[in-house]
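Please read all numbers here as calculations on a predicted model, not as lab measurements.
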Number of protein chains: 2
Amino acid sequence: MARTTGSHSDITGPRLRQAALELFAAHGFAAVSMRQIAARVGVQAGALYNYTPDKQTLLFNLMQDHMLELLDAFRDDPDAPPPQRLAHFVRFHIQYHFDRPDAVFISYMELRNLSPENFTAIETLRRAYENKLEAILSAGVARGDFTVQDPKIASFAVIAMLTGVNTWFKSGGRLTLGDVQARYWDMVRNCVGAG
Amino acid sequence: MARTTGSHSDITGPRLRQAALELFAAHGFAAVSMRQIAARVGVQAGALYNYTPDKQTLLFNLMQDHMLELLDAFRDDPDAPPPQRLAHFVRFHIQYHFDRPDAVFISYMELRNLSPENFTAIETLRRAYENKLEAILSAGVARGDFTVQDPKIASFAVIAMLTGVNTWFKSGGRLTLGDVQARYWDMVRNCVGAG
DNA sequence: GTCTATATAGTGATAGAC
DNA sequence: GTCTATCACTATATAGAC
């Protein structure tokens, strides 16, 4: 029973989010029109404005939710040995980002299309995530577990390296994601001098 | 003497390229109009079509020239010891990318906006660059200089890590670019197990 | 809540005068 | 080679009917 009009609030909201995520990731925020999104959702363009005040806010909410969920999902144990905490970060980051390629891609690529206030908000969240890794590295350096010179720079280097997995890894090839996690853990461990 | 009309072919061409580079990097290809570019160049929009058949070709040429210049600028010595070749790659990559932030940014971010044929052409050039690093790593593994398990994956990891410098480094801060090059060389050397 | 219709503005690209 | 003017479309967002 394909209704073409009427009330669908409980399904249109999530469908809008999903459609926007996919289309923004595939073509870029500026290249996607509200009409294209509406077509994928299965409504007319005007109906989308029951769910978002404008296109900019739609983008911001996608990015903000992604960052908040990322921060919430990463569980660090400050009392565990730093090498163990770092190993967990590496495996977590690769797995979490692999599971959400569209949200990850948008949150990297569309920063330019945020209004200044929205940009600042997202950058603050991103920095909070980077700081979690930096804290692990600093703790390890303080205890003599790691020999890396500059934990701040090392945190940038490690995150860039790990996020890069999304640009080339496809499941079904010669390596499983577990293989990739193991190889990156080897490289990261060496990188920070964790014997 | 500010001429507002007439023949400027020798200056408009370069100015178009530079204006497009800056605007695409700042706002994204899809978000920038030919009129905006023309305004920065100092001509009317119609005049741009004396220099490019269309907007898509303009983007493609910027990216292709960047990749060709990158490939041409990197000088590897296959007879040198792999650790020395790797050290050179690290320093070169950081310096070259730091000097061309706009072209680098575009060549990463605007792949989605290329036509399929143009995308393939740019990807081929990018792969050629990655292969240069992989060749160094493989040579080092063969000689026992490096212990990295998988040179292909390591080349992705190293390039992602090095390119990431452009997202955070600003000159005039606590570190010079030379400092950054030294710290990344330390990390890369450790990463691939080059004692 | 979704529809149709529309206001207002902007888009890439082209034609022809100079 | 650049200009002005324009074509044919598309954009975001809103108003009011249902």
Between A:I37 (CD1) and D:dA11 (P), how many Å, whole number?
11 Å

Whole-Å distance between C:dG12 P and B:L58 CG?
11 Å

Let's see if you can work this out: which of C:dT14, D:dT2, C:dT11 has an atom nearest to the side-chain heavy atoms of B:Y49?
C:dT14

If you check every side-chain atom of B:K55, which of C:dT11, D:dT4, C:dG12 has the closest atom?
C:dG12

Charged N to carboxylate O below 4.0 Å: is that the case for B:D145 and B:R85?
no

Calculate the interatomic distance between B:M34 atom CE and D:dC7 atom P; express it in whole Å.
21 Å

Check the distance between C:dC3's C1' and A:Y51's OH and give it to me in whole angstrom.
13 Å

Determine, for B:R112 against A:E110, whether the closest basic-nitrogen to carboxylate-oxygen distance falls under 4.0 angstrom.
yes

Side chain proximity check, A:L133 to A:H93, heavy atoms < 4.5 angstrom:
no

Could you give the CZ-to-C1' distance, from B:F24 to C:dG12, as a whole number of Å?
12 Å

Kindly say if A:T12 contacts the phosphate of C:dT2, meaning a side-chain N or O under 4.0 Å from OP1 or OP2.
yes

Partner of B:F98 under ring pair (Phe, Tyr, Trp, His ring centres under 6.0 Å), chosen from B:F169, B:F105, B:W168:
B:F169

With no angle test and no hydrogens, is the base of C:dG12 tied to the side chain of B:R35 by a donor-acceptor pair under 3.5 Å?
yes

For D:dT10 and A:S33 - does any side-chain N or O of the residue sit under 4.0 Å from the phosphate oxygens OP1/OP2?
no

Decide, yes or no, whether a salt bridge links A:E130 with A:R127 under the criterion of side-chain N to carboxylate O below 4.0 Å.
no

Nucleotide D:dT2, atom C1' - distance to CG of B:L48 in whole Å
10 Å

To the nearest Å, how far apart are B:Q56 CD and C:dT11 P?
18 Å

A:A30 vs B:A47, nearer the 5' end of DNA chain D by closest nucleotide:
B:A47

Roughly, in whole Å, what's the span from CG in A:N50 to P in D:dG16?
16 Å

Looking only at side-chain atoms of B:Q44, point me to the closest of D:dC3, D:dT2, C:dC3.
D:dC3

Contact class for A:V41 vs. all strands (heavy atom < 4.0 Å): base, sugar-phosphate, or nothing?
nothing

